[in-house]
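The structure under discussion appears below in the form of C-alpha cells.
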Amino acid sequence: MERTGPTVRFSGLLAAATAAVLAAGALVATAPAAGAADVDLARNGGFESGLDGWSCTAASGAAVSTPVHGGTKALKATPAGSDNAKCSQSVTVKPNSSYTLSAWVQGSYVYLGASGTGTTDVSTWTQSSGAWKQLTTTFRTGPSTTSVSVYTHGWYGTPAHYVDDLTLVGPGGDPVVIPAVPGGLKTTAITSSSVALSWNAVSGASGYNVYRGGTKVATATGPSATVTGLTPSTAYSFQVSATNAAGESAKSAAVTATTTAGGGGGGDTKLPARALVGYLHSSFANGSGYTRMADVPDSWDVINLAFGEPTSVTSGDIRFSLCPVAECPNVESEAEFKAAIKAKQAAGKKVLISIGGQNGQVQLASTAARDAFVTSVSKIIDTYGLDGLDIDFEGHSLSLNTGDTDFRSPTSPVIVNLISAVKSLKAKYGSDFVLTMAPETFFVQLGYQFYGSGPWGGQDPRAGAYLPVIHALRDDLTLLHVQDYNSGPIMGLDNQYHSMGGADFHIAMTDMLLAGFPVAGNTSRVFPGLRPDQVAIGLPASTQAGNGHTTPAEVNKALNCLIKKTDCGSYQTHGTWSDLRGLMTWSINWDRFNNWEFSRNFDAYFGN
C-alpha cells in the first residue's frame, strides 16, 4: 500500500545556497554599537529555559547541556528528510527602527535570519563546522512593522547543529494591548454536523476563541474555524473573541445557524460506539497467509474485503474473486464464503467490498466508466450480500486538473464521476448502506499546505485530491480512516511537521480531520471537520504490514489524548473528541500473523 511522494524541487534552494557562497565574505559583519535605548528583545535566547518562546519544526529542536557557548544550555537542532530543523520566535519591534540580530552557532550550513521586517528580510549563514562561530546581520523595520520573526535553521540532510546566545538588539516595541472585539462574524458552510465560521481579522491578535452558547469550543490562529460534533436539525449560537499575550477581548456579536437534516448515511448504520475495522486479504495472501472469513475473530466490527480491482485503469468495471487455490491452499469455497458473511452479519458485523488498493488504480475519467463502476460494484454487493463500499483509491487514481482549485466545487472528471457514482450507490441501497474511505495522508492532510497543482502549477496534482470527495459525501460517510502509515512528514494545525510511528502523528493527523483546516492555507476555503463518530485511526497491524507501525503503548497514548485529552505530549488538540469511533488496521491477516496484538490491544483498551 505504498505510494510515490511529491517531487521536491531543489533548484531554487541550490541557487540561493550558491548566491550565499558567493556573498559569504559580506555575511558576517561587525555589529554597530547599540543605542542608549536599545535592549535585547529575544526571549530565552540562551535556551536556559529549554524551548520556551521558540517554535521548532517537527521534533528537530531540543535544549542540551553540551556543547554550550554560554550559560548551561544551548539549542540542538537536527534536520531530517524535508525538515531543515527551523526554530523561530515572533518578537515585538518598533516601526522604522534598526536592529542587530546575532547568535553563536556550531555546525555546517547553519542559518540565522529575520522575516516580516517590512523592508528587506535578511539572513546569514556559516558553511564550516567546528568551533563556535558568531553570525550577525542587521535590518531596518518598515513604517508599519510591529513584529518580526527571527529564526535559525540547518540544511537538508546535514548533521545536527547548535545555537546559543541569540540576541536581537534594538528599540523595544510598544506594550502589547488586548485586541479589539472581532467583527463580521458569519457562517460560510453548514452541514448536518458542523458549522464553518469566518470573521474579520483583528490587528494585534495572535489567536481567536470560538464560543458556542457561551462555552469555548474551538481556537484558531486565523479568522476562520469550523465547529464540529453538532446534532442535525439543531439551532446553535456562536461568538468569537480575539487573544494575544495581553489577554482576551470581549466576545463578538452572536450569529445563529441551524444544522441541516443530513443524508442519514453517516450515523444510521448501527455500528458499535467503538468500532474495530480491518482489511481481509480475500483475493490474495500477500505473505501473511490466507484467513477464512469464518475464522475472523468477533473483535472485528467492519470487515473490508480486499480488493475489488478494475479490468483496466479507466474501464470502471470492477471485479472481485476469492484467492486462487494455488496461492491460498486453504481458501474456502464460494458457498462457504457467502455463508460465513451471513453469519458475521447475523452477529452484527458489517462486511464491505474495498475497491482499489496499491495495485487497483481506478480512474473514472468518463461517464461510461462511472456507469460501469456503479453496475459492477452493485453486482459484487448483490452477489455476496454485502453491507456497503470502502473506497481505497491510491496511487494515480485521483488527481486534480489544472485550474481545479476549490474543493467545494470540483471540476476534474475523475473526482466528479466518483462522487456521482457513490451517490448513485447510496440512493440504490438506502440509509443502511455503509460507506467508508481509506485515503493516504498525501491525499487529505497534505491539503493543508498544497492542493492540486497549485495556483502557479508545478505541484503534484494529487495533493489533497480526496478532500472534494470526502466533503461532497460527508453526510453519506460512515467512516473515514486515513492511512497513518507509508507517509512522509505532514504539517499539522500547529504548523509543525509530524512523522509517523508514534502517538504524536496519529494525534495531529486525526485532530486535523475533526477540527477542519483551511485548504492550501486559504482561510476562505476551510474544509469543515467531520463528526468524531465518523473517524477512525488507520494503522498497520505489524511491522511487516507497512511503514509506520505503532506500538500498542503509543496507540493507547493517541487514544488517551484524542478521547480524554491526556498523554497529548507537545501537540494540543482543538477539542476533546470523546466520540471518536475507533481504529482501522491493515490488516486482519497481518494481525493474525502477529498473534492478534492489534485487536487484543483494542479490546483491552475499550474493555471489550
Side-chain angles (χ1 to χ4, degrees), residues 20 24-80 83-94 97-117 121-141 147-155 158-173 245 496 570:
L27 289 174
V28 180
T30 302
D38 289 351
V39 294
D40 179 12
L41 304 175
R43 176 181 172 185
N44 189 29
F47 300 95
E48 301 300 308
S49 299
L51 297 182
D52 181 41
W54 292 92
S55 176
C56 297
T57 56
S60 59
V64 297
S65 57
T66 184
V68 300
H69 177 264
T72 60
K73 296 287 180 64
L75 169 68
K76 178 182 179 181
T78 308
D83 176 17
N84 64 1
K86 183 177 181 180
C87 291
S88 61
Q89 71 168 259
S90 179
V91 181
T92 301
V93 294
K94 282 185 175 294
S97 301
S98 296
Y99 292 88
T100 299
L101 176 63
S102 180
W104 289 86
V105 302
Q106 185 179 121
S108 57
Y109 299 97
V110 188
Y111 288 71
L112 173 71
S115 60
T117 61
D121 292 347
V122 295
S123 68
T124 181
W125 68 299
T126 179
Q127 182 176 3
S128 61
S129 57
W132 288 99
K133 181 176 182 180
Q134 188 178 32
L135 296 178
T136 302
T137 186
T138 62
F139 62 88
R140 186 170 181 83
T141 55
S147 69
V148 298
S149 176
V150 297
Y151 63 85
T152 71
H153 67 74
W155 195 251
T158 58
H161 61 269
Y162 301 88
V163 181
D164 202 359
D165 297 333
L166 183 147
T167 60
L168 179 66
V169 177
Q496 307 298 309
S570 61

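Under a 3.5 Å cut-off, the side chain of Y99 and the backbone N or O of P171 do form a donor-acceptor pair. No donor-acceptor pair closer than 3.5 Å links the side chain of D165 to the backbone N or O of A103. Without hydrogens or angle criteria, D40 side chain to L168 main chain gives a donor-acceptor distance under 3.5 Å. Although no hydrogens or angles enter the test, the distance criterion places a donor-acceptor pair under 3.5 Å between the side chain of D164 and the main chain of H69. Proximity of a side-chain donor or acceptor of T141 to a complementary backbone N or O of S97 within less than 3.5 Å is detected. No donor-acceptor pair under 3.5 Å is formed between the side chain of N44 and the backbone N or O of W54. Looking only at distances, a side-chain donor or acceptor of E48 sits under 3.5 Å from a matching main-chain atom of K73.
Residues T124 and T137 have side chains that never bring a donor and an acceptor to within less than 3.5 angstrom of each other. No side-chain donor from either of S149 and Q89 sits under 3.5 Å from a side-chain acceptor of the other.
The distance from the CH2 atom of W155 to the CH2 atom of W125 is 8.5 Å, given to the nearest 0.5 Å. In this structure, the separation between OG1 on T92 and CG on L41 is 8.5 Å, given to the nearest 0.5 Å. Here the OG1-NE2 distance, from T126 to H161, works out to 11.5 Å after rounding to the nearest 0.5 Å. If you take NZ on K76 and OG on S65, they are separated by 10.5 Å, rounding to the nearest 0.5 Å. Of the inter-residue distances, the one linking S55 atom OG with Y151 atom OH reads 14.5 Å to the nearest 0.5 angstrom. Atom NZ of residue K86 and atom OG1 of residue T152 lie 9.5 Å apart, to the nearest 0.5 angstrom.
For Y162 and W104, the distance between ring centers is not under 6.0 angstrom.
V163 pairs with exactly one of L75, L135, L112 by the side-chain contact (heavy atoms from CB on, under 4.5 Å) rule, that one being L75.
Contact between K94 and G172 at its shortest, heavy atoms only, is CE-O, 2.9 Å. In terms of heavy atoms, A74 sits closest to W132 at CB-CH2, 4.3 Å. Closest non-hydrogen pair, G116 versus D121, comes out as N-OD1, 3.2 Å.
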- Message: Apply side-chain contact (heavy atoms from CB on, under 4.5 Å) to residues C87 and H153 and explain how you reach the verdict.
- Response: CA-CA 6 Å; C87 291; H153 67 74; over 6 Å; no
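By the side chain to side chain contact (heavy atoms under 4.5 Å, CB included) test, S570 pairs with D504, sequence neighbours left out.
Using a 4.5 Å heavy-atom cutoff, the side chains of R140 and T117 are not in contact.
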